[in-house]
2 protein chains.
Amino acid sequence: MPPPFEVLADPTRRLILDLLRERPRSVGELVDALAISQPRVSKHLRVLRDAGLATSRVRAQSRLYTLRPEPLAELDAWLAPYRRLWEERLDLLERHLDTIPETPETPEPPGPAGEAAPPPEERP
Amino acid sequence: MPPPFEVLADPTRRLILDLLRERPRSVGELVDALAISQPRVSKHLRVLRDAGLATSRVRAQSRLYTLRPEPLAELDAWLAPYRRLWEERLDLLERHLDTIPETPETPEPPGPAGEAAPPPEERP
DNA sequence: ACGGCATATAACCATGCGGGCATACTGAGC
DNA sequence: GCTCAGTATGCCCGCATGGTTATATGCCGT
């Protein structure tokens, strides 16, 4: 019921989903793999179940959690119209890397290495 | 700098992005379109700028905010390995719609209305 | 220089969320 | 039945976050 956006906001939950993507896992396995407390894992699993992103089955004395990827389609649908945009822009960027664009006022370009002079902030 | 997942967790910010996707807008336009307070919009725009999802340019006395979709690629990349999964499953589902699926233990937490037969709860 | 519009920020408040600890529950085996 | 492994939940805390109101800042026209 809660939209998948909120669920994915937590990095731990993304990790859990990544683990469940490989294969179904029990709570204990997740606890070991993530090296975090068991209640913490259980709580995140609750959120994932409520969001329809995971289901649980009773296996022996433990519970097997399985990924249910369908709700992610909603995220994908939202993302779809944006995909073309950044793809186009990456094309353009590659096409003329030498052209120095005007510097918009917004600081922090995604330059991972090219951090040199902090642009004058609006009001420090 | 903050990962786009957290930024997209807020529905208002998703709306703002959707509006900016059509065309660049000033703060005032966003305020009118969303019918929310101006400081609220400004705060969300700050978050979007910090995440690299929007840039601002000074136009006359107002500011033009423009979408910068590149950071969304990270989200898309995370989503990619899941896409195949739900697509496959939708295929299978369509293929035999008549087969009644087994009811896993996972219940419907807040089943308010359209719930017909409550599946066997863990502890009836 | 001044007034006013457009926007950003500060201060403050309320709520929600993630995490830890302790505890209750469930199911299997004895 | 009891016990134990495995898991879920309750309670509490700290903190980040979103919202509001009031105010500061910036830019333009006069």
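The structure presented is a predicted model; accordingly, all values stated were derived computationally and were not measured. Numbered from 1 within each chain, the chains take letters A, B, ... in sequence-line order.
When all heavy atoms of A:Leu64 and A:Ser26 are compared, the pair lying nearest together is CD2-N, 3.6 Å.
For D:dG18, the OP1/OP2 oxygens have no side-chain nitrogen or oxygen of B:Arg40 closer than 4.0 Å. Close to D:dT9, at under 4.0 Å from its OP1 or OP2, lies a side-chain N or O of A:Arg46. Side-chain N/O atoms of B:Ser37 include one lying less than 4.0 angstrom from OP1 or OP2 on D:dT20. Checking the phosphate oxygens (OP1, OP2) of D:dG6, no side-chain nitrogen or oxygen of A:Arg59 falls inside 4.0 Å. Taking 4.0 angstrom as the limit, A:Ser62 places none of its side-chain polar atoms (N or O) nearer than this to OP1 or OP2 of D:dG6. Contact check, A:His44 against C:dG19: a side-chain N or O comes under 4.0 Å of OP1 or OP2. Of the side-chain N and O atoms in A:Tyr65, one or more sit less than 4.0 angstrom from OP1 or OP2 of D:dA8.
Taking atom CG on B:Asp10 and atom P on C:dT15, their separation rounds to 18 Å, with Å as the unit. Note: CD1 (B:Ile16) to C1' (D:dG18) measures 12 Å, nearest angstrom. Atom P of nucleotide D:dA8 and atom CG of A:Asp50 are separated by 12 Å, given to the nearest angstrom. Residue A:Leu64 contributes atom CG, which lies 14 Å from atom P of D:dG6 at whole-angstrom precision. In this structure, B:Leu45 atom CG and D:dG19 atom P are separated by 12 Å, rounded to whole Å. For the pair A:Leu48 CG and C:dG18 P, the computed distance is 11 Å after rounding to whole Å. Separating the CG atom of B:Leu30 from the P atom of C:dT7 is a distance of 9 Å, rounded to the nearest angstrom. Per the geometry, CZ belonging to A:Arg14 stands 12 Å off P belonging to C:dG18, to the nearest Å.
Residue B:Gln61 places its side chain closer to D:dC28 than to any other of D:dC28, D:dG19, C:dA22. Checked against D:dA8, C:dG20, C:dA8, the side chain of A:Lys43 finds its nearest nucleotide in C:dG20. Nearest nucleotide to the B:Arg49 side chain, out of C:dG19, C:dT7, C:dA8: C:dA8.
Residue order along DNA chain C, read from the 5' end via each residue's closest nucleotide, puts A:Glu6 first among A:Glu6 and A:Ile36.
A donor-acceptor pair under 3.5 Å is absent between the side-chain atoms of A:Tyr82 and the main chain of B:Ala73, judged by distance alone. For the pair A:Arg14 (side chain) and A:Leu8 (backbone), a donor-acceptor distance under 3.5 Å is present.
Residue side chain B:Gln38 does not reach the base of C:dA6 through any donor-acceptor N/O pair under 3.5 Å, judged by distance alone.
No side-chain heavy atom of B:His44 sits less than 4.5 Å from a side-chain heavy atom of B:Val41.
Comment: B:Asp50 engages B:Arg46 in a salt bridge, judged by a side-chain N to carboxylate O separation of less than 4.0 angstrom.
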